[in-house]
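Working notes for the structure below.
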Protein chains: 2
Amino acid sequence: MTIVRTQGRTRMAKHPRDRMIESALVLMGEYGVEATSFSQVIEHSGAPRGSIYHHFPGGKEQLIEEATRYGGDVVVKLLAEAIEQHDPVAAVDSVGGFWHTVLYDSDFAAGCPVIAAALDSRSPAARKAARDAFQRWEQLYTEMLQRAGVPEERARSLGSIAISAVEGAVILSRAQRSNAPLERVVNELHGLFHEAIGNAGTQSAGNGRTQ
Amino acid sequence: MTIVRTQGRTRMAKHPRDRMIESALVLMGEYGVEATSFSQVIEHSGAPRGSIYHHFPGGKEQLIEEATRYGGDVVVKLLAEAIEQHDPVAAVDSVGGFWHTVLYDSDFAAGCPVIAAALDSRSPAARKAARDAFQRWEQLYTEMLQRAGVPEERARSLGSIAISAVEGAVILSRAQRSNAPLERVVNELHGLFHEAIGNAGTQSAGNGRTQ
DNA sequence: GTCTATACGAAGATAGAC
DNA sequence: GTCTATCTTCGTATAGAC
């Protein structure tokens, strides 16, 4: 067995099946779904070759789908504390800080596995899992902002730009091997959220453009 | 020869080489770099099999790199008119409107080829071409906003979020098969740009957070 | 410039032994 | 649960004829 790269911050899962899912998650983010092979997952997770189809009878499609749903949950957990505190700005910080660390620690090799799943054209199951994750995140942002007094339509709008901008910034930061784009985006989202929350109740927000 | 799907808005290029680049661009956006094979490019472009390595001695890597640079130029051309008019908001509209149309016309199958290149792990040349495109777009936004009176640092910050958010929104809109995320993001960027330009000279902008 | 034929590797998946 | 062996398909790339 070769040396297994660990995630550092995450403790090793006990069961090979869970290790394979976690490895798939990391590899998807770094190489994309198409380029994530069973061989890589086996090597990265240290799981035995012969057990792939035992644990995942649905083959690669099943593994990728489960990993994507797991990835969606990771971000939901990042948002959990901010949700309890009813603080949308803390939510942006939590996700932004997470990616800041992951990108830096991986020397800008890591990427978002949910994005990878969303962009995979061969697996409808993975795409659906990614879509579900996006919508769940958006819903959580929307609810947080509404509780902070932002009207629903504006809240949903801010949720969309928060997710889009952070995910886009992760790609840009990786491409430029610098967290600068991510930091700038988080900073702008701060201002945007503060302004919207500050204006809560004062006016109906929005700028009248719907295209 | 099978029926060749055309882009509709783009006239057919005369030379097989150019057709191959344009086809590669479309296929990269839809399927990703890894899943874009020569077979697909040949079929899509109608170019002859035997001429691949004649036109692209560097093989797939060369084709993908050239297509990515071409894709970067497409967006630069979209920004050109807005640059002449010194109107950053029009720039967002131009790119946003472009993706709105492309997504709708393709029934949400199309995607950004530059993103695909940025996420490809196997081709350093493609990644570099994507990075160059991002930085060029960001620079154009920054210059436009500076001419509109926005301080440099803030201008760069707004450029980063404009690119990140639109690229992210293209992914989300495709995943949800709806242009709603893209429209919401464009709308929020409108507000953000207007506010920043409106405050030009009044204060140094920013919200004091650098992380 | 374009063709066919082919080399070579790697992928996902299955079968059957242990 | 895990192993090895094998099937099949598909990818890039090259060689050499036309």
Side-chain angles (χ1 to χ4, degrees), chain A residues 1-2 4 12-28 30-68 116-117 119-127, chain B residues 1-2 4 12-28 30-68 116-117 119-127:
Chain A
M1 188 178 100
T2 64
V4 174
M12 263 297 175
K14 288 175 185 70
H15 306 300
R17 191 178 196 281
D18 296 329
R19 306 239 310 253
M20 290 167 81
I21 290 176
E22 288 183 11
S23 288
L25 197 71
V26 174
L27 293 166
M28 284 165 63
E30 187 162 341
Y31 302 109
V33 172
E34 184 85 15
T36 295
S37 65
F38 276 136
S39 306
Q40 280 179 294
V41 173
I42 291 304
E43 188 185 3
H44 187 272
S45 65
R49 291 204 85 81
S51 63
I52 297 178
Y53 286 90
H54 172 73
H55 292 304
F56 304 95
K60 183 174 177 177
E61 181 138 3
Q62 184 184 353
L63 172 60
I64 298 298
E65 182 189 353
E66 292 200 36
T68 305
L119 295 181
D120 183 59
S121 55
R122 290 229 230 272
S123 167
R127 283 207 310 280
Chain B
M1 186 178 102
T2 65
V4 174
M12 263 298 176
K14 289 176 184 68
H15 307 300
R17 191 178 196 282
D18 296 329
R19 306 240 309 253
M20 290 168 80
I21 290 177
E22 289 183 9
S23 288
L25 197 71
V26 174
L27 293 165
M28 285 166 62
E30 187 162 341
Y31 303 109
V33 172
E34 183 85 16
T36 295
S37 65
F38 277 137
S39 306
Q40 280 178 295
V41 173
I42 290 305
E43 187 184 3
H44 187 272
S45 65
R49 292 204 85 82
S51 63
I52 297 178
Y53 286 89
H54 172 73
H55 292 303
F56 303 95
K60 183 175 176 176
E61 180 137 3
Q62 184 184 355
L63 172 61
I64 297 298
E65 182 188 353
E66 291 199 36
T68 304
L119 295 181
D120 183 59
S121 55
R122 291 230 230 271
S123 167
R127 284 207 308 280

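The figures that follow rest on heavy atoms only: side chains count, while hydrogens, waters and symmetry mates do not. Per chain, numbering begins at 1; letters A, B, ... match sequence-line order.
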Contact class for Y53(A) vs. all strands (heavy atom < 4.0 Å): base, sugar-phosphate, or nothing?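 Since a base atom lies under 4.0 Å of Y53(A), the category is base.
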Could you say whether S39(A) or P57(A) is positioned toward the 5' end of DNA chain C, judged by the nucleotide with the nearest heavy atom to each? S39(A)
Over how many whole Å does the gap from [X] atom [atom1] to [N] atom [atom2] extend?
{"X": "I64(B)", "N": "dT12(D)", "atom1": "CD1", "atom2": "C1'", "result": "12 Å"}
{"X": "I52(B)", "N": "dA13(D)", "atom1": "CD1", "atom2": "P", "result": "10 Å"}
{"X": "M20(B)", "N": "dG1(C)", "atom1": "CE", "atom2": "C1'", "result": "12 Å"}
{"X": "F56(A)", "N": "dG12(C)", "atom1": "CZ", "atom2": "C1'", "result": "15 Å"}
{"X": "Q62(B)", "N": "dT12(D)", "atom1": "CD", "atom2": "P", "result": "15 Å"}
{"X": "Y31(B)", "N": "dG11(D)", "atom1": "OH", "atom2": "C1'", "result": "17 Å"}
{"X": "I42(A)", "N": "dA10(C)", "atom1": "CD1", "atom2": "C1'", "result": "16 Å"}
{"X": "F38(B)", "N": "dT2(C)", "atom1": "CZ", "atom2": "P", "result": "15 Å"}

Any N/O pairs under 3.5 Å between the protein and nucleotides 3-10 of chain D? List them or say none.
| unit_1 | atom_1 | unit_2 | atom_2 | d |
| --- | --- | --- | --- | --- |
| dC3(D) | OP2 | R49(A) | N | 2.9 |
| dC3(D) | OP2 | G50(A) | N | 3.1 |

Within this structure, what is the [atom1]-[atom2] distance for the pair [X] and [Y], rounded to the nearest 0.5 Å?
{"X": "S123(B)", "Y": "Q62(B)", "atom1": "OG", "atom2": "CD", "value": "11.0 Å"}
{"X": "F38(B)", "Y": "I52(B)", "atom1": "CZ", "atom2": "CD1", "value": "5.0 Å"}
{"X": "E43(A)", "Y": "R49(A)", "atom1": "CD", "atom2": "CZ", "value": "9.5 Å"}
{"X": "E65(A)", "Y": "I21(A)", "atom1": "CD", "atom2": "CD1", "value": "10.5 Å"}
{"X": "M20(B)", "Y": "H15(B)", "atom1": "CE", "atom2": "NE2", "value": "14.0 Å"}
{"X": "R17(B)", "Y": "E66(B)", "atom1": "CZ", "atom2": "CD", "value": "4.0 Å"}

Evaluate M28(B) against T68(B) for side-chain contact (heavy atoms from CB on, under 4.5 Å), listing each step before the verdict. CA-CA 9 Å; M28(B) 285 166 62; T68(B) 304; 3.4 Å; yes
Just compare dT2(D), dT2(C), dA11(C) and give me whichever is closest to any side-chain atom of H54(A).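 Closest of the options to the side chain of H54(A): dT2(D).
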